[in-house]
Colleague: 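Here you go, one structure.
In what follows, chains carry the letters A, B, and so on, assigned in the order in which the sequence lines appear, proteins first and then strands, with residues in each chain numbered from 1. Every value quoted in this text rests on a predicted model; they were computed, and no experiment measured them.
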There are 2 protein chains.
Amino acid sequence: MGEAGEKASRKPRADSLRNRERLLDAARQVFSAGGPEASLEAVARAAELGIGTLYRHFPTREALFQAVYAREVDELANLARDLAGGPDSGEALKTWLRAALRMIATKKGMAAALRPAVDTCAPFYTDTAARMRQAAEALVRPGALRGELRDDVTGEDIVTVLISLSYGTARPDWQGATGRMLDIFVDGLRRG
Amino acid sequence: MGEAGEKASRKPRADSLRNRERLLDAARQVFSAGGPEASLEAVARAAELGIGTLYRHFPTREALFQAVYAREVDELANLARDLAGGPDSGEALKTWLRAALRMIATKKGMAAALRPAVDTCAPFYTDTAARMRQAAEALVRPGALRGELRDDVTGEDIVTVLISLSYGTARPDWQGATGRMLDIFVDGLRRG
DNA sequence: AGTTATACGGAGGATGCCTCCGTTTTGCAA
DNA sequence: TTGCAAAACGGAGGCATCCTCCGTATAACT
């Protein structure tokens, strides 16, 4: 057994890997342009691949979202880890939320992609969801223990607020207003 | 000119009025059961009317939502008026938001119905939207003037937060968690 | 080169959106 | 009452999307 105890299976086909990438690129393009509701057929067309191929690689729209924005979620998780040590967890939280917001504003469709991550009773527990929750949790917990922040709020709650507020608001001043709302929310989190 | 300066036009047909009601009832049923994305054809079927009839009465999905939930929005507007006089505008706001939340939790689909109300650059300025915004504004303004609350937050912002947080969260503990988030937000609104 | 697992592609059935127009119903006036 | 025209009905039909299924093509292995 050459690899790490894997089932001795055939190497994945080259065209499969290549097409997966093509699909991800196309999806990024299409979602970015046409919003998250863009048709999957459009994605397949943009990738110059059959619709069947798309569905084989990503059985659901969510699976595609997840794959498309995995990188971004990673970044956020890392940022949370870096910020978690700081002295003022309220400020850390604000910083993190702002970063997330900026990212969401850039990558249109990301909010929608994360949305199912908010939905606890979704058919499949998404990895993305867990990552985001843990990141937020890491930011909130210390402050709660120190009595700096309310302790009845979970990482999941934070993520829910973030995603909900980001999702679908189409106003021109969107980013600014939403940032303000998030700050206000964090202020409300502070004890005293 | 018998009436109030109206164009002397023919009395609306009886079947039209009757069918309008049938459609509203059916829509209430269907949206309540199947969520706000339920197909309009399903509504028409439930009303035992043709799809064409539905579209004639309510040219868009939004128009239907609007008509379905007009009553509820009225109630909320009235409640806001009643609460607006109180001494503690933070508390008043919390009370109002909780009432709104309860209503939304009951009438599934109402959040979705109100969603376009949040979207300032929607094709048509909905009446519902304006009503909700004014209601919230009436609750926030006095507090802001008295220096009790932040003054950089509009009624529109409040409604946005309410609707966004209510929309689409499908967790079982939904209502409780969201209520808590809204309270926290209002706390954050208070001047420290 | 031959074999076989794997992937591709797109036709096709199901459903939903919305429009259009022939048919039916209703209000009104003679 | 009767007749007429305005108004409403209903659903077929064109288009788009979703998602599945399976015959064909192709890459990995021997």
Side-chain angles (χ1 to χ4, degrees), chain A residues 1-3 6-27 29-31 33-68 109 112-113 116 123-124, chain B residues 1-3 6-27 29-31 33-68 109 112-113 116 123-124:
Chain A
M1 300 101 189
E3 297 305 318
E6 297 293 309
K7 188 87 135 299
S9 83
R10 189 178 267 210
K11 178 169 72 174
R13 281 175 56 157
D15 54 350
S16 178
L17 269 59
R18 175 166 28 91
N19 287 340
R20 191 190 154 86
E21 286 314 307
R22 285 177 73 102
L23 285 169
L24 285 176
D25 283 349
Q29 295 261 120
V30 171
F31 288 145
E37 331 242 74
S39 92
L40 296 187
E41 319 233 346
V43 173
R45 270 196 300 275
E48 295 180 305
L49 291 171
I51 183 66
T53 301
L54 185 152
Y55 273 98
R56 195 165 341 92
H57 281 283
F58 307 102
T60 69
R61 182 179 285 266
E62 260 72 45
L64 182 53
F65 280 154
Q66 187 130 352
V68 166
F124 26 54
Chain B
M1 301 111 193
E3 297 304 319
E6 296 294 307
K7 187 86 136 299
S9 82
R10 188 179 267 209
K11 177 169 72 172
R13 282 175 54 156
D15 54 348
S16 178
L17 269 58
R18 175 166 26 93
N19 287 340
R20 192 190 154 86
E21 285 313 308
R22 286 176 71 101
L23 285 168
L24 284 176
D25 282 349
Q29 295 261 121
V30 170
F31 289 145
E37 331 243 74
S39 90
L40 296 187
E41 318 232 349
V43 173
R45 271 196 300 275
E48 294 179 304
L49 291 171
I51 184 66
T53 301
L54 186 152
Y55 273 97
R56 194 162 345 89
H57 282 282
F58 308 102
T60 68
R61 182 179 287 266
E62 260 70 47
L64 182 53
F65 280 153
Q66 189 130 348
V68 165
F124 26 53

Colleague: Let me spell it out: for each of R18(B) and Y55(B), pick the nucleotide of DNA chain C with the closest heavy atom. Which residue's pick is nearer the 5' end?
Modeller: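 Upstream on the strand: Y55(B).
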Colleague: Looking at R13(B) and dA7(D), is any side-chain donor or acceptor paired with a base atom of the opposite kind under 3.5 Å?
Modeller: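 A donor-acceptor contact between them is present.
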Colleague: Compare side-chain N and O positions of R10(A) against OP1 and OP2 of dT4(C) and report whether any pair is under 4.0 Å apart.
Modeller: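 So the side-chain polar atoms of R10(A) never come under 4.0 Å of the phosphate oxygens OP1 or OP2 of dT4(C).
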Colleague: Give a yes/no on whether any side-chain N or O of H57(B) is located under 4.0 angstrom from OP1 or OP2 of dC9(D).
Modeller: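 Checking dC9(D) against H57(B), a side-chain N or O does come within under 4.0 Å of OP1 or OP2.
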Colleague: Rounded to the nearest angstrom, tell me the gap between atom CZ in R20(A) and atom C1' in dT6(C).
Modeller: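 Value for this atom pair: 16 Å.
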Colleague: Which whole-number value in Å describes the distance from L54(B) CG to dT19(C) P?
Modeller: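 In whole Å, dT19(C) P and L54(B) CG are 12 Å from each other.
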Colleague: Can you check the L17(B) CG to dA7(D) P distance for me, whole Å?
Modeller: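 Nearest whole value for this atom pair: 14 Å.
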Colleague: Got a second to check how far N19(A)'s CG is from R56(A)'s CZ, nearest 0.5 Å?
Modeller: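 That separation rounds to 9.0 Å.
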Colleague: For the residue pair R45(B) and S39(B), what are the closest heavy atoms and their distance?
Modeller: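 Here R45(B) and S39(B) meet closest at NH2-OG, 4.4 Å.
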Colleague: Do the side-chain N or O atoms of N19(A) get closer than 4.0 angstrom to the phosphate oxygens (OP1, OP2) of dA7(C)?
Modeller: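 N19(A) to dA7(C) OP1/OP2: no side-chain N or O under 4.0 Å.
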Colleague: For residues 37-53 of chain B, which residues have at least one heavy atom under 4.0 Å from DNA chain D?
Modeller: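 Heavy-atom cutoff 4.0 Å gives L49(B), G50(B), I51(B), G52(B), T53(B).
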Colleague: Within this structure, what is the CZ-to-P distance between R22(B) and dA8(D), rounded to whole angstrom?
Modeller: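 After rounding, the reported distance stands at 17 Å.
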Colleague: Looking at every non-hydrogen atom in both residues, tell me the closest pair between L54(A) and L23(A) and how far apart they are.
Modeller: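 Minimum heavy-atom contact is CA-CD1, 3.8 Å.
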Colleague: Choose from dC8(C), dA28(D), dA5(D) the nucleotide whose nearest atom is closest to any side-chain atom of R56(A).
Modeller: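 Among dC8(C), dA28(D), dA5(D), the one nearest the side chain of R56(A) is dC8(C).
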Colleague: Which atom names give the shortest non-hydrogen contact between R20(B) and A67(B), and what distance separates them?
Modeller: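 Heavy-atom minimum between the residues: NH2-CB, 4.1 Å.
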Colleague: With a 4.5 Å heavy-atom cut-off, do L40(B) and F58(B) have their side chains touching?
Modeller: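 Result no, sub-4.5 Å side-chain heavy-atom pair not found.
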Colleague: Can you name the closest pair of heavy atoms from A38(B) and V30(B) and give their distance?
Modeller: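 Between these two residues, the closest heavy atoms are CB-CG1, 3.5 Å.
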Colleague: Measure the distance from NZ on K11(B) to P on dT25(C) and round it to the nearest whole Å.
Modeller: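 Interatomic distance, NZ of K11(B) to P of dT25(C): 19 Å.
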Colleague: Apply side chain to side chain donor-acceptor pair (under 3.5 Å) to D15(A) and list each qualifying residue two or more places apart in sequence or on a separate chain.
Modeller: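 For D15(A), the residues satisfying side chain to side chain donor-acceptor pair (under 3.5 Å) (neighbours in sequence not counted) are R13(A).
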Colleague: Could you check how far CG of L23(A) sits from C1' of dC8(C), rounded to whole Å?
Modeller: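 These atoms are roughly 11 Å apart.
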